[in-house]
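Right, one structure below, let's go through it.
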Amino acid sequence: PVTPGGIEKMSKSKNNGVDPQLLIDRYGVDTVRLYTMFTAPPDQSLEWSDEGVEGAHRFLKRLWTLGLRLAQDAKDAGLPDQGSSCAEARRELHGTLQKALFDYERQQYNTVVSACMTMLNALNRLDDSASANTVLREGLGIMLRLLAPIAPHVTHTLWRELGFGDDILHAGWPRVDEDALQSATVSYVV
């Protein structure tokens, strides 16, 4: 059946599937896995989009670039003070992590990938200060562990490059820091 947007859903019976090997050769297996997990829950049919595959590839490239930048910069200053932009980014990271962990339990992998995209955007907004690098390091550690089941090759390599350990699979699942979710101020609109 053709969807309202004119995109035909892939189906074995219609013999209109896409050969994954062609995509793997062009973008890599992690991109294909990320795209399929992001586009639709595992129990639903997938609407194919070349632009979507390219978007998944761009996301992984942005993650890779940030990870390598951080691996080359060893500044670390401990956790940021409440009220700083770094503390706000950390609050966003842990709030998003909280939602992503809930979505993993419900097997909603598409929203887990979306949460990682939100985290990457928050991390990319940080400056180059030592406290920002601390938040970047923490945030990348969280993202890599969340994405490890979805994009295992990229995450494992970055995990090692960042000096987190030899094997991401033995790192344990990320945990929400309840202190990071606290805010020094709350704005009310009157």
Side-chain angles (χ1 to χ4, degrees), residues 27-31 33-35 37-38 55-105 108-186:
Y27 297 106
V29 70
D30 281 347
T31 295
R33 287 173 55 99
L34 182 84
Y35 172 75
M37 298 297 273
F38 177 62
H57 188 65
R58 280 192 307 273
F59 167 72
L60 288 177
K61 282 177 30 179
R62 287 178 58 219
L63 175 65
W64 183 262
T65 300
L66 183 63
L68 290 185
R69 187 186 94 206
L70 183 62
Q72 295 169 357
D73 193 354
K75 289 186 270 184
D76 192 359
L79 295 177
D81 296 328
Q82 284 284 357
S84 70
S85 62
C86 291
E88 185 57 40
R90 193 162 183 266
R91 188 172 13 272
E92 184 178 355
L93 284 169
H94 283 275
T96 305
L97 171 60
Q98 192 171 43
K99 294 172 190 167
L101 292 174
F102 178 72
D103 290 339
Y104 251 124
E105 289 177 17
Q108 297 295 316
Y109 306 117
N110 55 334
T111 55
V112 171
V113 174
S114 179
C116 289
M117 290 175 177
T118 299
M119 289 179 184
L120 185 61
N121 289 336
L123 293 175
N124 275 320
R125 286 191 300 266
L126 292 171
D127 58 25
D128 288 332
S129 68
S131 60
N133 274 9
T134 302
V135 175
L136 277 170
R137 188 165 185 75
E138 178 186 23
L140 277 172
I142 289 169
M143 281 183 56
L144 293 176
R145 287 180 282 168
L146 283 175
L147 285 172
I150 298 169
H153 301 93
V154 168
T155 56
H156 178 75
T157 302
L158 280 175
W159 187 260
R160 293 181 78 184
E161 287 292 322
L162 288 165
F164 287 135
D166 287 334
D167 190 357
I168 195 169
L169 298 177
H170 294 98
W173 211 231
R175 295 177 191 220
V176 175
D177 182 351
E178 297 294 330
D179 292 338
L181 297 175
Q182 303 303 316
S183 179
T185 61
V186 177

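The first residue in the sequence is number 1, and the count goes up from there.
Applying the side chain to side chain donor-acceptor pair (under 3.5 Å) rule to pairs touching residues 160-170 yields Asp167-His170, sequence neighbours excluded. Applying the salt bridge (charged side-chain N to carboxylate O under 4.0 Å, His left out) rule to pairs touching residues 116-126 yields Glu92-Arg125, sequence neighbours excluded.
Summarising the geometry of Ala132 relative to Asp127, their closest heavy-atom pair is CB-OD1, 3.1 Å, with the distance given to 0.1 Å. Counting all heavy atoms, side chain and backbone alike, Ala171 lies closest to Arg145 at CB-CD, 3.9 Å. Across all their heavy atoms, Leu123 and Val135 have their closest contact at CD2-O, 3.8 Å. Minimum interatomic distance between Met143 and Leu120 (heavy atoms only, all atoms of both residues): SD-N, 3.7 Å.
With rounding to the nearest 0.5 Å, the separation of OG1 in Thr65 from CG in Leu70 is 12.5 Å. Here the straight-line distance linking atom NE2 of His57 with atom OH of Tyr35 works out to 15.0 Å at 0.5 Å rounding. The CZ atom of Arg58 lies 15.0 Å from the CG atom of Leu63; values are rounded to the nearest 0.5 Å. Atom CZ of Arg69 sits about 15.5 Å away from atom CH2 of Trp64, to the nearest 0.5 Å. Here the straight-line distance linking atom CG of Asn110 with atom CE of Met37 works out to 9.0 Å at 0.5 Å rounding. Here the CG atom belonging to Leu93 is positioned 11.0 Å from the CG atom belonging to Asp177, to the nearest 0.5 angstrom.
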Let me see the working for Met117 and Phe38 under side chain to side chain contact (heavy atoms under 4.5 Å, CB included), right down to the final yes or no.
-> CA-CA 11 Å; Met117 290 175 177; Phe38 177 62; 4.1 Å; yes
Working for side chain to side chain contact (heavy atoms under 4.5 Å, CB included), residues Glu138 and Ile142 | CA-CA 6 Å; Glu138 178 186 23; Ile142 289 169; 4.1 Å; yes
Are Thr31 and Phe59 close enough, and set up right, to give a side chain to side chain contact (heavy atoms under 4.5 Å, CB included), and what steps lead you there?
-> CA-CA 9 Å; Thr31 295; Phe59 167 72; over 6 Å; no
Decide side chain to side chain contact (heavy atoms under 4.5 Å, CB included) for Arg62 and Asn121; before the verdict, give the C-alpha distance in whole Å, the side-chain angles of both, and the deciding distance to 0.1 Å.
-> CA-CA 10 Å; Arg62 287 178 58 219; Asn121 289 336; 2.8 Å; yes
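Here the side chain of Arg137 pairs a donor or acceptor atom with the backbone of Leu162 at under 3.5 angstrom. Not one N or O on the side chain of Thr111 forms a donor-acceptor pair closer than 3.5 Å with the backbone of Ser114. Remark: side-chain polar atoms of His94 are not paired, donor with acceptor, to backbone N or O of Leu181 under 3.5 angstrom.
Ring geometry for Phe164 against Trp159 counts as tilted: the plane angle lies between 30° and 60°, on a 0 to 90° scale.
Between Tyr109 and Tyr104, a ring centre-to-centre spacing shorter than 6.0 Å is recorded.
Thr134 is not listed as a side-chain neighbour of Arg90, based on a closest heavy-atom distance of 4.5 Å or more.
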Which pairs would a plain distance check flag for residues 146-158, meaning a side-chain donor or acceptor within less than 3.5 Å of a matching protein atom at least two apart in sequence or in another chain?
from   : atom 1 : to     : atom 2 : distance (Å)
His153 : ND1    : Asp30  : OD1    : 3.2
Thr155 : OG1    : Ala151 : O      : 2.8
Thr155 : OG1    : Pro152 : O      : 3.2
Thr157 : OG1    : His153 : O      : 3.0

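No more than 12 heavy atoms of other residues, nucleotides or ligands sit less than 6.0 Å from atom CZ of Arg175.
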